[in-house]
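Before any comments, here is the structure.
Position 1 is the first residue of the sequence; numbering continues from there.
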Amino acid sequence: MSQLLEATFWSATVAGGLRLATPLIYASIGETFAQRAGVLNLGLEGYMIIGALTSLYVADPTSAPLGFLVGGLAGMALASLMVLLSIRLFANQVVVGFGLTILGIGTTGYIFHETTDVGGRDRQVSLPSEIDIPLLSDIPWLGDAVFGHSWYTWLSLGLVIVAGFVASRTIFGLQVKAVGEDPDAAAAKGVDVLRIRTQATLISGFLGGLGGAALMLGSVGRFQPYLTANRGFIALIVIIMASWSIWGAAVGAFVFGFFEALGFNLNNVFVDVPIEGLNAIPFFVALVILTVSARWARMPRGLGQNYVPTV
């Protein structure tokens, strides 16, 4: 119990929270673009796991940055099916999204089983070293917790800034919001609704794939079926918690990662408490936040509704 009063306990929890939040930041930001454009892209879990496996298979014989990039492209390739079936052929977005998740999980499990020895010992990569910010990383407690992380985490934080600017300060970002709120009105103003939704969905697939690749190459190092462990669906929860805000999604990802890391670390303190109970902490916190934030959260009015051009 005394460990809870030690600064090192909380420093490790904050550091672990940032690491665990990194894949969620990529995935939730990408999904935020898609949902702000009116596309309920429930295939996010599929994008993440196919990005994870692809990144491993590319990074193993080459390099981690190349595997990371190709993992994102793999997620984008799977998202192109969402574009074809739901945006271009107007199929139900929920059905297609769940179908892509099942397809991603099933395909990666089969490929891994057929191409890898038992235990996956021939398919693993070394985890990256931490990049410390000079001087700041030497700050007691705070330095170890915040200013010493892998480049996957630093890149995700940079992505938050860029994505926030794009969403709120560029023509593309404003068009995304417009087609998500009222696609008919946006089309009347000359916006190509299908093109914007296509681009937003592909962005979601690419960043979802990067999220899976960051999990694989930055945190785990070895693939196993169901590696993503529903993180794609957790990212969906984060978006609702954030009320479809880019910055809010990043904060929500860290909150979830923090309480997930807290559950892991509490297992070393309360050894008699079942680990399953401690692992449920972030989900309980998310449920509380969802309940409270539901009062002011407002989803895009056109979310989940297919747009069929009249001409």
Side-chain angles (χ1 to χ4, degrees), residues 23-58 68-114 176 179-180 193-216 223-240 244 249 253 299-300 302-308:
L24 292 178
I25 291 175
Y26 288 108
S28 61
I29 287 179
E31 182 67 12
T32 299
F33 274 104
Q35 292 199 15
R36 283 168 69 101
V39 181
L40 187 57
N41 198 1
L42 299 182
L44 191 57
E45 181 81 3
Y47 308 154
M48 291 187 72
I49 197 163
I50 202 168
L53 182 65
T54 304
S55 67
L56 173 64
Y57 278 34
V58 173
F68 181 66
L69 175 62
V70 177
L73 294 176
M76 181 186 288
L78 187 58
S80 66
L81 293 178
M82 183 74 179
V83 171
L84 173 64
L85 296 175
S86 287
I87 297 177
R88 300 294 175 171
L89 299 180
F90 317 118
N92 184 280
Q93 294 180 15
V94 174
V95 174
V96 173
F98 277 120
L100 292 179
T101 289
I102 295 171
L103 176 63
I105 293 174
T107 300
T108 52
Y110 174 77
I111 293 175
F112 183 73
H113 179 269
E114 293 297 316
V176 165
V179 302
V193 175
L194 297 184
R195 177 178 62 83
I196 295 298
R197 287 190 167 186
T198 295
Q199 293 173 346
T201 302
L202 292 178
I203 289 173
S204 174
F206 181 69
L207 293 181
L210 290 185
L215 176 65
M216 177 73 256
F223 185 85
Q224 59 183 354
Y226 306 105
L227 171 73
T228 48
N230 296 319
R231 281 179 171 82
F233 295 107
I234 293 171
L236 296 173
I237 296 174
V238 166
I239 293 168
I240 300 173
W244 290 268
M299 70 179 187
L303 180 61
Q305 301 175 12
N306 288 332
Y307 172 74
V308 182

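- Of all heavy-atom pairs between Y226 and I49, the closest is N-CD1, 3.7 Å.
- R36 contributes no side-chain N or O that, together with a main-chain N or O of P300, makes up a donor-acceptor pair within less than 3.5 Å.
- The OG1 atom of T201 lies 12.5 Å from the CZ atom of F33; values are rounded to the nearest 0.5 Å.
- With hydrogens and angles ignored, the 3.5 Å screen pairs no side-chain donor or acceptor of T107 with any backbone N or O of G104.
- When all heavy atoms of Y47 and G75 are compared, the closest pair comes out as CD2-O, 3.8 Å.
- A donor-acceptor pair shorter than 3.5 Å cannot be found between the side chains of S86 and Q93.
- Atom CG of L227 sits about 9.0 Å away from atom OG1 of T108, to the nearest 0.5 Å.
- Listed here is the closest heavy atom pair of R197 and Q305: NH1-O, 2.8 Å.
- A side chain to side chain contact (heavy atoms under 4.5 Å, CB included) with M82 is found for one member of V39, I87, L40 and no other, namely V39.
- Here CG of L42 is found 7.5 Å from CD of Q35. Values are rounded to the nearest 0.5 Å.
- Of all non-hydrogen atoms in I50 and A74, the two that sit nearest each other are CG2-O, 3.9 Å.
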Determine whether T101 and F233 satisfy the following criterion, side chain to side chain contact (heavy atoms under 4.5 Å, CB included), listing intermediate values before the conclusion. CA-CA 10 Å; T101 289; F233 295 107; 4.1 Å; yes
Any chance you could lay out the side chain to side chain contact (heavy atoms under 4.5 Å, CB included) test for L100 and V96, step after step, and finish with the verdict? CA-CA 6 Å; L100 292 179; V96 173; 4.2 Å; yes
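- N306 contributes atom CG, which lies 10.0 Å from atom CG of L89 (distance to the nearest 0.5 angstrom).
- Smallest separation of non-hydrogen atoms from F223 and M216: N-CE, 3.4 Å.
- Rounded to the nearest 0.5 angstrom, E45 CD and T228 OG1 are separated by 3.5 Å.
- Aromatic rings of Y26 and F68 (six-membered ring for Trp) have centroids within the 6.0 Å cut-off, being under it.
- The shortest side-chain heavy-atom distance between L103 and F98 does not fall under the 4.5 Å cut-off.
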Given Y307 and V179, is the side chain to side chain contact (heavy atoms under 4.5 Å, CB included) satisfied, shown in steps? CA-CA 9 Å; Y307 172 74; V179 302; over 6 Å; no
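- In the displayed structure, Y110 atom OH is contacted under 6.0 Å by at most 12 heavy atoms of other residues, nucleotides or ligands.
- The structure places CD1 of I239 at 12.5 Å from CD1 of I234, a figure rounded to the nearest 0.5 Å.
- Heavy-atom minimum distance, V238 versus S28: CG1-CB, 4.2 Å.
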For side chain to side chain contact (heavy atoms under 4.5 Å, CB included), just list the numbers for Y57 and L53, CA-CA rounded to whole Å, side-chain angles, deciding distance to a tenth of an Å, and then say yes or no. CA-CA 6 Å; Y57 278 34; L53 182 65; 3.4 Å; yes
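- Side-chain N/O atoms of N41 and S204 include a donor and acceptor closer than 3.5 Å.
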